[in-house]
Amino acid sequence: MRPNNKEQAAFASPLAASVSARQSASSVNASARNPAAACGLLDSSSVRVPESHATASGSARAPSRSFGACKASHFSAFETRSAPAAALGAHARNLAAAREIRRGPAAPGAGFGARNEDSLQRSVARADLQDPVLPSSSTTERASLEGLLDLSNSSNGVTSLVTPSVRLEAFERERRERQLASAYEKCRVITAQYAKTFYLGTMLMPPEKRKAIWAIYVWCRRTDELVDGPRALRSDLPVVLEEWERRLEALFAGRPTDLFDLALWDTLQRFPHDIQPYRDMIAGMVMDLNQNRYQTFDELKVYCYRVAGTVGLMSTAVMGTAEPGMDVTEEAVALGIANQLTNILRDVGEDARRGRIYLPLEDLAKFDYTEEDLMRGINDERWKNLMKYQIARARQYFAVAESGIDPLSRDARYPVWASLMLYRQILDVIERNDFEVFYKRAFVPRANKFLTLPAAYLRSRQ
Ligand SMILES: CC(C)=CCC/C(C)=C/CC/C(C)=C/CC/C(C)=C/[C@@H]1[C@@H](COP(=O)(O)OP(=O)(O)O)[C@]1(C)CC/C=C(\C)CC/C=C(\C)CCC=C(C)C
């Protein structure tokens, strides 16, 4: 069955779609806090954004402020914060089941030895990520961070000529630099453990930028770990996420809580950007906690923007463009959405076993395929056609994203091409596997990865 003309038109314009997803996502998120904000009527005094970021929030990179449309009819993350205990219990059970599945022999990736070693390394890195919200930072760490930031504020003033205080200041500055170096080093280690290939790509960036991307990566990874990692079985996840958001607000207001936050705080001083994508990502995690079906693609797009399009916005602020004033916001969001759609297609089986269906139900209906068929893993002609339709859509988002890479600053192009080419290949693998995503996880073989990296490099130098 084919989509009707109106749907085809919307489908053919993923760019417009991603803009509207972003608009609705951010305006909804903002409207939950302050409806005026979502309608573009916000008085700047009512937002807790430090001076340096206030400028960024008014720029083209700050979608939250430019969103005129007030689409409160979309999902509101904050309506759902008091999720019923029953739903949370179900979430915990789903996650436990998912872990069992992941541990099982059908898990993807390299051979067993490699996987065990890999998971050992990851658990070392994970030990650092554990308890990111509550008691993670020791009192000493907190106290020394406070001293550090006091210094950074007071050192803007006139320096005393009295020798001992000059010495004290030099000593404090050195301590601050050491703290920062250790904060970034922690981010580097986590990034290297969790995202090996991507990490290699960042090594081609200038040190300032690469450190900033690691700091952002770690914040995103920690946010994801809250709902997907070892803490995800906690029954008070909505409270944990609220606390995580309060911490985010404090960080942007110049009060980082631990060393990872300190690295991000420093990144924000060097590459000022808006807080809204970070808030939106948390809203995406809340959305995922409370929703396990998506009726329409528009609804799914909001989710994809929140958990992945936001990454595009955060990282573009650091990567920068070749010429000042170029705007690649839409393309950056499109790459996030393309990646997330691919992720969804790859994980259909695993998600179904957790009781979740991300594919829009309206699309299932278009191909006469039912939720029950999906839960039973039926791979017939209807399913293959449905998957072809989804893959074509994801590829359109990748195509939009491609056009944004050349305008990026030269040093950012290679890691972005590499990440795009590697992730997009998952779609090819799904096709080669005859759309079998229920019992087989699509992964890009190591040899293909090795071939892709030089290809991405050459493409980035054209
Ligand atoms: C240069 C570059 C690629 C920068 C991005 C680095 C960065 C900050 C990544 C954060 C990723 C992260 C931890 C996100 C949290 C939410 C999440 C897990 C999203 C999924 C990622 C895939 O992760 P994984 O395969 O590990 O999935 P599982 O957790 O195993 O299920 C996502 C699918 C989203 C990833 C989205 C991006 C990397 C966005 C890319 C967009 C850009 C870098 C913008 C480029 C600019 C233009 C103009 C095209």
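Excluded from the calculations below are hydrogen atoms, water molecules and symmetry mates; all remaining heavy atoms, backbone and side chain alike, are included. Residue numbers start at 1 and run along the sequence shown. Atoms within each ligand, like the ligands themselves, are counted from 1 in listed order.
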Just say parallel, tilted or perpendicular for the rings of Tyr294 and Tyr358, cut-offs at 30° and 60°. parallel
With the side chain counted from C-beta on, respond yes when Thr316 and Leu408 share a heavy-atom pair under 4.5 Å apart, and no when they do not. yes
Candidate list Arg210, Lys209, Glu208, test side chain to side chain contact (heavy atoms under 4.5 Å, CB included), partner Val318, passing option: Lys209
Show me the short polar-atom pairs for ligand 1: any N or O of it lying under 3.5 Å from a protein N or O, with distances only.
unit_1	atom_1	unit_2	atom_2	d
ligand 1	25 (O)	Tyr423	OH	2.7
ligand 1	26 (O)	Arg221	NH2	3.2
ligand 1	27 (O)	Asn343	ND2	3.3

Within the structure provided, determine whether Val429 and Asn433 are in side-chain contact (heavy-atom separation under 4.5 Å). yes
Is there a salt bridge (Lys or Arg N to Asp or Glu O under 4.0 Å) between Arg222 and Asp258? Walk through the geometry before answering. CA-CA 13 Å; Arg222 294 176 97 188; Asp258 62 14; 2.8 Å; yes
Is there side-chain contact between Val348 and Trp383, with at least one heavy-atom pair below 4.5 Å? yes
